[in-house]
Structure formats: structure tokens, C-alpha cells
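Computed from heavy atoms alone, side chains included, the values below leave out hydrogens, waters and symmetry copies. Chain naming here is simple, since letters A, B, ... match the order of the sequence lines and numbering starts at 1 in each.
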2 protein chains.
Amino acid sequence: MPSTPPASPPRRRAPRNSLNPDRILDAALTLLDRDGAEAFTMRGLAQQLGVGTMAVYSHFRGKDEISDAVAQRLLDTIELPREGSGDPRGELREVCLGVYRLFTEHPSALELLAGRPLRGDDAIALIDRMLALLVRAGLGPQDAAHAHIALMQYTVGSALWNTRRARTLCQDGARDRVLAKIAALDAGAYPALVSLAPDLLCARNEGTGQFEYGLDGLLRGLLGAAPQV
Amino acid sequence: MPSTPPASPPRRRAPRNSLNPDRILDAALTLLDRDGAEAFTMRGLAQQLGVGTMAVYSHFRGKDEISDAVAQRLLDTIELPREGSGDPRGELREVCLGVYRLFTEHPSALELLAGRPLRGDDAIALIDRMLALLVRAGLGPQDAAHAHIALMQYTVGSALWNTRRARTLCQDGARDRVLAKIAALDAGAYPALVSLAPDLLCARNEGTGQFEYGLDGLLRGLLGAAPQV
DNA sequence: ACCTGAACACCGTTCAAGT
DNA sequence: ACCTGAACACCGTTCAAGT
């Protein structure tokens, strides 16, 4: 059938002001969450918007600027617990959980934020809040600074760990291959691993339980001995 | 000068067996460490080897297989402390420091390993060792599993944090821009951050000091109260 | 068997041109 | 001003061909 038109007919020219930074960022976040940062392309973004590839460049300098803007917007969505007069440890827990949730709900945020300096007001507010809580918990300036960084590192590391694990385990048959590998382990050579394998697998599937286990341990170790459930 | 030959004359055909997997992985690691995972390309690798782009494909299926092999080789270089009968906490510290050092000395290793399941024997040995130490420290099976994952997450997060920070701070003027940003902060709006800014900057430049601070805190919190220097 | 260049289907981005 | 396609310099990889 020689005269068949192409399957997707050439898009009509987009009306004059149909595009704007907000619409672009919405589409970018949708694609980022759906396909991951690695698969995020300018061409795909334009297609999602129903627009020529270069149209986006009228609103953003390029891909990096879009990634930055998406990251910034995500940071702004972190909910800080309302200023409480209660124990600072509980509030610190909430703040870290908020950051963790952001990163696990938007896995691409990790890749977007990991490399860039935090320069949004909300990120600043978050850091200030954590530091104030650490001081209120009784830490001196240097301890508070160290503790703040340690908490952020643990939180980011946990989120990264989980999202990467999730991605590799979602592939077809990956789960079975892991189980087979474990079953094949030599119990003589790796006794601890073999006997704890069920617990390891179980710990992984716990959602935020694993994160909270380490977070509570870290807070306990950093803030002092108060047992607190 | 119309007859000038091209600056780099076409490479002679490479002798028959000059290439082998080891030479390829050596070159790959060199490039990865020098330019980062993002800048690592098959074409660049072939050029580094003085060989046509496609020559590498005779020894590896593709880029992913090379990345996997490099990651595996790096993992194998982690030195486990010799089996000690002493306190498990000190040994756990050493193991985590070893992993941390690997990741900070080879920043690309993080990107290579973060997404892939650990399937080398040395990685297995490392996990087994950590679990055994945690059990020896008195943790039950589930606690040991949780603690092991938390320690890995913290270690990976710290290394990621540092290498990314280092990369962005190495760019020209980035350091000054950060300082200017801090100086411009409103002390009324962000009192804790402003007063602790010097401590934060200082904590960052400490090398492994910051990492050890959090690691000791985490070990203290996970293993129990024994104070230990 | 090992190494080669040309070619394909991608990518981000520059550019000159349309409206 | 905003949107467009063609073109450029990249990328990983397939392929048929050289040695």
C-alpha cells in the first residue's frame, strides 16, 4: 500500500503560548518518575508535550537547567513537622523520614540531587531545622554539624540502596536468580551469611522498617543513651 | 597548508593478540578514575588502547559487561582485617572503613556498583564477615541482618555524599559561590545554620573524620552502650 | 580468531528560518 | 516571542569485510 500515510501524522504546529515552564516541569517529572533519570531525554520530553524538540529550549537553557528545576521543585515538597516543643529526637526522626520518603517516592530525585549543591530556600530551611534540633538535643556546634551530615548521609544512602535494589529486582527472573544464588552458597565457607539469609531477605522487604531501624540506631548513638522507643 | 597530513595519522593496524581482557579492564579503570563514569565511552576506551572501536567487542559483549567486570575487580581489592579474636566492634569499623576507602579512592565504583547485585565471591565473603561480627557482638539474627544493611547504607551514602560534593566543589569558583551564599544568609530566618556554618564547612574537609564520627555513632547505637574509644 | 571502517539509531544542542 | 526542521558532533552497537 504505497499511498498509506505515516502511522503518526506530523503534529500540527503547536498554538502560540501553549508551552510554559510549569507545563514542561510537570511533564519532566512524570517522565522521570516513570522511566528513570537515565531514560529522560529532551526528545522524549518534547514528544510528551506534543511539541517539536526545540520548543523546550525557548523556556529553559537546556537539559541541566530542567533537571535542576525539577530537583528544586521536589525539595520544596518535603513536609517539615510543625515546630514542636517536644523531644527533638522525635522531630529529627520525622524530618529524616520526610527526606527518605521523597527519595523513595521519586527515585530520580536522588540522581538529580546527588550531584548538585542545594540552593533552594526549602533545602536551607530543612538544614537549619535539623541543626536547631540537634543543638536543642544537647550537642555542641561541632557535634551538631557532624551529626547533621551523618544523618543526611545515612538517609541518602538508604534511599539509594533501596531504589537501586528495587530496580534490579524488578527485572524478570532477577528475584529467582538471587534465591538460586543463595541456595547454592557453601554453608561451610559462609556460615553466617547462609544462616542469616532469610533474615536479610526479610529485612529488605520491610518498606521503611529497615530504614527506621538504622535511623533509630544512629540517633541513639549520636544523641546519647536515652533509650526511647 | 593544503597538503598537511592530519594531526593524528591513522593508527597502524594493531598486532594480532595485543588486546586481552586484562589490558582492557586496566584501561577502563584508568579512564573511569580519571574522568568519571559519565565520561566513560567505548570510543574513548578504544582510543586509550590504541585500537579500533570495535576491537574491544571481541573480548566483551559490550559496555555493561566491561562496567560489571571493573566493578567486580574493584570489590576484590577490599582488604578485610585479619580474623581477630578481639572485640567485633573494632573489626566492623575496619571493614566499613575499607569499603569507604574503596569508594572514595575510586569514585566511579559507586556508580558502577550501586545498581548491580553483588555477585562476586569477595563481596559474599565481605557480607559473611560482617554478619558474623554482628552476631559475635551479641545481636540476634534479625538485628544482625538489619544492622548489616544499615551499616552498608551509611557507608555507601557517606561515600556518595563526599565524592559528589568533591566533584561539584572542584569546579572553578564553586567554593567562593558557596561561601558567598552562606554569607548572604539571613541570620534571623536561619539562626542555627548561620551560627553553625563554620562547623559545617570544617566537618566537610575532614577526610575520614566525618565518616568515622557517624560510623562510631551508628555502631554505638546498633551494638549497645559499651563506650569504647 | 581477532581487528577493521562504514552504517544505524540514538543523544543534546546550534542555527537559520518560519509564524 | 515562540516554535520549527535540518544539521552537527557525539554515543553504543550491528554488520560485512579484511587479515
Trainee: Excluding sequence neighbours, so at least two apart, what forms side chain to side chain contact (heavy atoms under 4.5 Å, CB included) with A37(A)?
Mentor: L32(A), S108(A), E111(A)

Trainee: Report the nucleotide, chosen from dT13(D), dG18(C), dA6(D), that has the shortest atom-to-atom distance to any side-chain atom of R13(A).
Mentor: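 Looking only at side-chain atoms, R13(A) lies closest to dG18(C).
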
Trainee: Report the residues that fulfil side chain to side chain donor-acceptor pair (under 3.5 Å) with H59(A), sequence neighbours left out, ordered by chain and then residue number.
Mentor: none

Trainee: Which pairs would a plain distance check flag for residues 19-27 of chain A, meaning a side-chain donor or acceptor within less than 3.5 Å of a matching protein atom at least two apart in sequence or in another chain?
Mentor:
from: N20(A); atom 1: OD1; to: D22(A); atom 2: N; distance (Å): 3.1
from: N20(A); atom 1: OD1; to: R23(A); atom 2: N; distance (Å): 2.8
from: D22(A); atom 1: OD1; to: R73(A); atom 2: NH2; distance (Å): 2.9
from: R23(A); atom 1: NE; to: S18(A); atom 2: O; distance (Å): 2.8
from: D26(A); atom 1: OD1; to: R73(A); atom 2: NH1; distance (Å): 2.6

Trainee: Let me know the distance between CE of M54(B) and P of dT14(D), rounded to the nearest Å.
Mentor: 7 Å

Trainee: Heavy atoms only, 4.0 Å cut-off, all strands: where does A14(A) land among base, sugar-phosphate and nothing?
Mentor: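 Result for A14(A) = sugar-phosphate.
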
Trainee: For E38(A), enumerate each residue passing the side chain to side chain contact (heavy atoms under 4.5 Å, CB included) test, keeping only those at least two apart in sequence or located in another chain.
Mentor: none

Trainee: Using a 4.0 Å heavy-atom cut-off to protein, can you give one letter per nucleotide of nucleotides 7-12 of chain C, 5' to 3': B if the base is in contact, S if only the sugar-phosphate is, - if neither?
Mentor: B---BB

Trainee: Counting a pair only when it is Watson-Crick or G-U and both distances are under 3.5 Å, which runs of at least 3 such pairs involve DNA chain D?
Mentor: C:4-8 with D:12-16, C:12-16 with D:4-8

Trainee: With sequence neighbours excluded, tell me which residues meet side chain to side chain donor-acceptor pair (under 3.5 Å) with D33(A).
Mentor: H106(A)

Trainee: Quick one: list whatever passes side chain to side chain contact (heavy atoms under 4.5 Å, CB included) with R43(A), sequence neighbours left out.
Mentor: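 Scan of R43(A) (side chain to side chain contact (heavy atoms under 4.5 Å, CB included), adjacent residues dropped) gives T41(A), T53(A).
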
Trainee: Mind checking side chain to side chain contact (heavy atoms under 4.5 Å, CB included) for D76(A) and listing every partner two or more places apart, or none if nothing turns up?
Mentor: Q72(A), D122(A)

Trainee: Side-chain contact test, heavy atoms from C-beta onward, threshold under 4.5 Å: evaluate it for V95(B) versus L151(B) and give yes or no.
Mentor: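 No, side chains not in contact.
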
Trainee: If you compare every side-chain N and O of H59(A) against the phosphate oxygens of dA1(D) (OP1, OP2), does one of them come in below 4.0 Å?
Mentor: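 False: H59(A) side-chain N/O out of range (4.0 Å or more) of dA1(D) OP1/OP2.
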
Trainee: With a 3.5 Å distance limit and no angle check, can you tell me whether R129(B) reaches the backbone of E91(B) through a side-chain donor-acceptor pair?
Mentor: no

Trainee: Output all residues satisfying side chain to side chain donor-acceptor pair (under 3.5 Å) with T208(B), sequence neighbours left out; order by chain, then residue number.
Mentor: E212(B)

Trainee: Quick one, which residues of residues 15-36 of chain B touch DNA chain C with a heavy atom under 4.0 Å?
Mentor: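 The stretch gives P15(B), R16(B), N17(B), S18(B), L19(B) as the residues lying under 4.0 Å from the strand, ordered by number.
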
Trainee: Output the rounded distance in Å from CD (Q47(A)) to P (dT4(D)).
Mentor: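 Checked: the CD to P distance equals 13 Å.
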
Trainee: What residue pairs, at least two apart or across chains, pass ring-ring contact (aromatic ring centres under 6.0 Å, His included) with a residue in residues 179-215 of chain B?
Mentor: H146(A)-Y213(B), Y100(B)-F211(B), Y154(B)-F211(B)

